[in-house]
Amino acid sequence: MAGILAWFWNERFWLPHNVTWADLKNTEEATFPQAEDLYLAFPLAFCIFMVRLIFERFIAKPCAIALNIQASGPQIAPPNAILEKVFTAITKHPDEKRLEGLSKQLDWDVRSIQRWFRQRRNQEKPSTLTRFCESMWRFSFYLYVFTYGVRFLKKTPWLWNTRHCWYNYPYQPLTTDLHYYYILELSFYWSLMFSQFTDIKRKDFGIMFLHHLVSILLITFSYVNNMARVGTLVLCLHDSADAFLEAAKMANYAKFQKMCDLLFVMFAMVFITTRLGIFPLWVLNTTLFESWEIVGPYPSWWVFNLLLLLVQGLNCFWSYLIVKIACKAVSRGKVSKDDRSDIESSSDEEDSEPPRKNAHTATTTNGTSGTNGYLLTGSSSLDD
């Protein structure tokens, strides 16, 4: 075990040339980031999760009720033992061949069976109230952490001149504000890693899981080898758009269509400007070029920059989805379905018609109302 730890914490990987861990031990004159500080993130992640439960129960839920957001779920599929057995034991998404077989067996038309399976899948989706509470929690946290980040960074020299991220590196002392900012962000991402398995399931579950994992690795890497200054720039920049996204979703769930559209436009503008403009031209420029000039590359420097480039790839992917939604919004006159949203709408895709026999032609109505259930999931912090 000692050999594995010695290999993992190899100074030649983590630190620049001619720098050792002993050089970064805390002294009476200066405090530096220590790897063991990161253990604090685990109990804090649990505390954040508990605060979230309390917030959603006693603050977000009353707000949702005041906005007339109901806790009622989607329409219940009519009981049918045969279809229920297929749904639970075989497949939730029957193919055309199975649909035709069930149609003959039940003497239902195929459209009615498709409608039953859609309604049955939607029974497992959360209510609009649940989604509103989740969005309000995320909005509140993102707004707080972004505000804190801006207030902290405006007093630092590296916000105004990114070369200060590398002057005297890695012998840059750790301040109390910087330590709090880093541990708070890391704790939040750990809480997201665990709660993602119980939260509303999205189409981009895998992408978001990758994003949270990369974020945790970046925060950990940059803290351990004292790249915390540039790390604060990355964190604050990626937090800037998330509050707009969650606010748009809350407006969407409350059926405030015009406010939803306005907030979504604001979100899209901030997201694309910060992630495709400021991030590569400002942050990646300093991590790739200014740091090379002032400090020089070393093994963990390469890993850190590769992770940042992976984040930029995710930014490009999400920007593509946002532009795609914006194009649809222009054609339809409002923000509608989003490819990153819930796997299936929990209330908007049900068909209320009873099952019809094969002898009749089935006609369906799609009760889509505004943007309900279809906005972006947010990331981000990236987060997102």
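Counting begins at 1 with the first residue of the sequence. Excluded from the calculations below are hydrogen atoms, water molecules and symmetry mates; all remaining heavy atoms, backbone and side chain alike, are included.
Counting only distance, with no hydrogens or angles, the side chain of Trp301 and the backbone of Gly296 share no donor-acceptor pair below 3.5 Å. Using a distance-only test at 3.5 Å, with no hydrogens or angles considered, no donor-acceptor pair links the side chain of Asn226 to the main chain of Phe32. Between the side chain of Trp160 and the backbone N or O of Lys154 there is at least one donor-acceptor pair closer than 3.5 Å. Side chain of Ser300 to backbone of Trp14: a donor-acceptor contact under 3.5 angstrom is found. Listed for the Thr286 side chain is no donor-acceptor partner under 3.5 Å among the backbone atoms of Val283.
Aromatic pair Tyr142/Phe188: ring centres closer than 6.0 Å. Checked against a 6.0 Å centroid threshold, the rings of His212 and Phe209 do not count as neighbours. Side-chain rings of Phe55 and Phe141 stay apart, their centers remaining 6.0 Å or farther from each other.
The two atoms that bring Arg12 and Pro16 nearest to each other are NH2-O, 3.0 Å, heavy atoms only. Across His238 and Asn315, no two heavy atoms sit closer than the pair NE2-ND2, 3.3 Å. Contact record, Gln34 with Tyr223: O-CE2, 3.4 Å, taken as the closest heavy-atom pair. Taking every heavy atom of both residues into account, Ser191 and Ala45 meet most closely at CB-O, 3.7 Å.
Taking a 6.0 Å sphere around OH of Tyr320, one finds it holds 12 or fewer heavy atoms contributed by other residues, nucleotides or ligands. The local environment of CE in Met259 is sparse, with at most 12 non-hydrogen atoms from other residues, nucleotides or ligands closer than 6.0 Å. Heavy atoms of other residues, nucleotides or ligands lying less than 6.0 angstrom from CD of Glu96 number 12 at most. Within 6.0 Å of OH on Tyr167 lie more than 12 heavy atoms contributed by other residues, nucleotides or ligands.
The cluster map of Ile, Leu, Val, Met, Phe, Trp and Tyr, joined by side-chain heavy atoms under 4.5 Å apart, puts Phe49 and Tyr144 in different clusters. Phe139 and Phe58 fall into different hydrophobic clusters, where Ile, Leu, Val, Met, Phe, Trp and Tyr are joined by side-chain heavy atoms under 4.5 Å apart, directly or via other members.
The aromatic rings of Trp116 and Phe87 lie perpendicular to each other, with more than 60° between the two planes, well past the 30° mark. Classified by interplanar angle (parallel below 30°, tilted 30° to 60°, perpendicular above 60°), the ring pair Phe221/Phe13 is perpendicular. Between Trp318 and His211, the ring-plane angle classifies as perpendicular under the 30° and 60° cut-offs.
In summary, Glu100 and Lys104 do not engage in a salt bridge, as defined by a charged side-chain N under 4.0 Å from a carboxylate O.
By the 4.5 Å heavy-atom criterion applied to side chains, Tyr298 and Asn225 are counted as neighbours. At least one side-chain heavy atom of Met136 sits under 4.5 Å from a side-chain heavy atom of Ile59. Between Phe267 and Phe264, some side-chain heavy-atom pair lies under the 4.5 Å cut-off.
Side chains of Gln257 and Asp261: a donor on one and an acceptor on the other come within 3.5 Å.
Screening Leu217, Asn305, Leu218, Val214 for a side-chain contact (heavy atoms from CB on, under 4.5 Å) involving Leu310 leaves a single residue, Val214.
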Exercise for the section: Check the pair Tyr180 / Tyr148 against ring pair (Phe, Tyr, Trp, His ring centres under 6.0 Å), numbers first and verdict last. Expected result: CA-CA 10 Å; Tyr180 170 78; Tyr148 180 87; 5.1 Å; yes
Exercise for the section: Starting from the C-alpha separation in whole Å, work towards a yes-or-no answer on side-chain contact (heavy atoms from CB on, under 4.5 Å) for Met269 and Met266. Expected result: CA-CA 5 Å; Met269 292 175 62; Met266 295 172 64; 5.8 Å; no
